[in-house]
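Structure, as structure tokens:
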Amino acid sequence: MAKSKFWRFIDGYDAHTSHAVGKSFIDLSYSGAVNQRMKRAATFRISSLARRVTELFAYTSTKSYGAGSLAFGILTLILHFAGNYFGAYAEAETTTLIIGIVFSVLSVPLLLVDRPLCVLLQDIPITDFILYEFFCIKRVSRREGVPSIHPLIAICLCALPPLLGYFVPLWTVVLAIAALVFVYVTLTSPEFSFIATLLVLPYLNYLPYTEIVFLALVLVTLVSFLRKVAYGKRVLHIEQYDLLIGLFVLSILVSGIFVKGVESFTGSLGMLVLSFGYVLTSNMVTNRRLADRVINAFVISSVPAGVIAVSKFVRAAFDGSGLSAISVGAGSSFGDPAVYAAFLVIVLPLTVALLGQSRGMLRVFYSLVLILNTGAVILTAERFAWLALLLGVFIYFAHKAPYASPLVVCMLAVFPYVLFLFPSEALSTVFSNTLNGLSVDELSELWQAATGVFSDNALLGIGIGEECFANEFSQSVFGNRT
């Protein structure tokens, strides 16, 4: 069956096409921007150095890593207990103690094996699947005679971080080393950080400077991808949606920086970086394997968040406040029930898709995830999220019938106005817990105010940030009330 013109207009794909070809409008490809002379120079200097460093750490024996880990752990414990004994620290630092114990215990299995690290990680099924299959890191070939780090040199190198821990908290030193490793792996494989970002996305609220961390993850992934594009190892596709989003971001920047003032400057720059998240997604998910990894990352990341939401409700139920926990809503790791509900609106259809194509124990796993997230979205008490899921199911089945597409669009356009045909008392009951328990009349007033704000700033917007929205919205509401 041929694809309807409406859906070709929406997604830009021709009928029966599963790859990014045959676009209806625009499909500009860009790869290998570096000229041959610069490419040879960069390959000879930068890439050669990076390749040597990669090979050095990849082919270093696990005994060297074990010796370095043991030296790091023991020296950390010695400095910790010596500092507490001589009064260098006011009180015991539990984090430092845990770090020392973890590295000391980790050294034991590493010292028992004498094999290159890259070979060991590929020979262990679980690490091979996680690193090279799930995170799509490029495998390192098995070679003999490659230079490696001697155990004595590893001990000397790993003895330096605990000494730095005397001047700064040791956990910051460990975190800095982990960040450097993360950035280095990302520069070799942008898919790694892309998938890792999806996994940690629901839990960024637990980290300090959440927005900065998220922007850094997106920026590092973007730089790595553009670097691959410059060397001709990736292809950058620019499509109709990319141009529309680019124009939208440009208008936001003009409004936020040049019109609305300095209070919107930081948010505008953040918006600029985050807008490339869509470009990264559309350019990285280029085949079935990567699409499967990205969808699984979304679904897997939702499991701990769902467990947190359900456990909070169970604990509140045992305390005798279960119903109030539902009325307030469960924000889980997101903190805000509305944001968590929006996340689940994306995750639930993806879970259903994986459930439909899975077999065996995977089918059982996805079934349990679907039940867990369904219960979590109910606990959020976000009725608009429930409505969005129902509309999504309706649109999906309508998509199966191409000739019903215009009817779906008409029904979606008319639906908000149909709500006002119902009695106000009934709507007040339905929306009693929506938007802090506002009535239908108050909700209608807010909608009218929002419409006024949009019409007054349709060209350049209101800027980025809570201050800009609060100023514009309060002015509109005050004008309506007067």
Can you find a pair of side-chain heavy atoms, one from [X] and one from [Y], that are under 4.5 Å apart?
X      : Y      : result
Ser301 : Phe343 : yes
Leu180 : Tyr184 : no
Leu217 : Phe182 : yes
Leu350 : Leu354 : no
Pro169 : Thr95  : no
Thr197 : Phe192 : no
Leu163 : Leu79  : yes
Asn283 : Arg234 : no

Reported [atom1]-to-[atom2] distance for the pair [X] and [Y], which is rounded to 0.5 angstrom:
X      : Y      : atom1 : atom2 : value
Ile101 : Leu106 : CD1   : CG    : 13.5 Å
His80  : Ile98  : NE2   : CD1   : 10.0 Å
Ile177 : Leu160 : CD1   : CG    : 9.5 Å
Leu370 : Leu355 : CG    : CG    : 6.5 Å
Phe135 : Leu131 : CZ    : CG    : 7.5 Å
Thr188 : Arg227 : OG1   : CZ    : 8.0 Å

Check whether [X] reaches the backbone of [Y] with its side chain - one donor and one acceptor, N or O, closer than 3.5 Å.
X      : Y      : result
Tyr65  : Phe57  : yes
Trp386 : Val377 : yes
Tyr203 : Ala305 : yes
Asn373 : Leu348 : no
Asp292 : Arg288 : no
Asn205 : Ser333 : yes
Thr76  : Gly100 : no
Ser224 : Thr186 : yes
Asn287 : Leu290 : yes
Thr210 : Leu204 : yes

Looking only at heavy atoms, what is the nearest atom pair of [X] and [Y], with distance?
X      : Y      : result
Pro162 : Leu170 : CA-CD1, 4.1 Å
Leu344 : Pro349 : O-CD, 4.3 Å
Leu198 : Ala297 : CB-CB, 4.0 Å
Thr380 : Ala341 : OG1-CB, 3.8 Å
Trp171 : Ile99  : CA-CD1, 3.8 Å
Ala159 : Leu75  : O-CD2, 3.4 Å

### Query
Can Phe103 and Leu77 be said to form a side chain to side chain contact (heavy atoms under 4.5 Å, CB included), step by step?
CA-CA 10 Å; Phe103 276 91; Leu77 294 175; over 6 Å; no

### Message
Quick check: Phe194 with Phe225 (ring centres under 6.0 Å apart)?
### Response
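No, they do not, as the ring centres are separated by 6.0 Å or more.
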
### Task
Please lay out, stage by stage, how Leu372 and Leu368 fare under the test side chain to side chain contact (heavy atoms under 4.5 Å, CB included).
CA-CA 6 Å; Leu372 176 67; Leu368 295 176; over 6 Å; no

### Tyr132 OH: over 12 foreign heavy atoms closer than 6.0 Å
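Result for OH/Tyr132: enclosed.
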
### Task
Would you indicate whether Tyr209, at its atom OH, is surrounded by more than 12 heavy atoms from other residues, nucleotides or ligands within a distance under 6.0 Å?
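Not buried by this count: 12 neighbours or fewer within 6.0 Å.
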
### Query
What do the steps show when you test Phe298 against Thr351 for side chain to side chain contact (heavy atoms under 4.5 Å, CB included), and what is the final call?
CA-CA 9 Å; Phe298 259 118; Thr351 308; over 6 Å; no

#### Entry: Pair Arg293 + Glu191, salt bridge at N-O below 4.0 Å
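So Arg293 does not pair with Glu191 through a salt bridge.
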
### Full working for side chain to side chain contact (heavy atoms under 4.5 Å, CB included) between Gln357 and Arg363
CA-CA 8 Å; Gln357 67 180 20; Arg363 195 177 187 88; over 6 Å; no

#### Entry: Pair Thr221, Ser193: side-chain N/O donor-acceptor within cut-off below 3.5 Å
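Present: a donor and an acceptor within the cut-off.
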
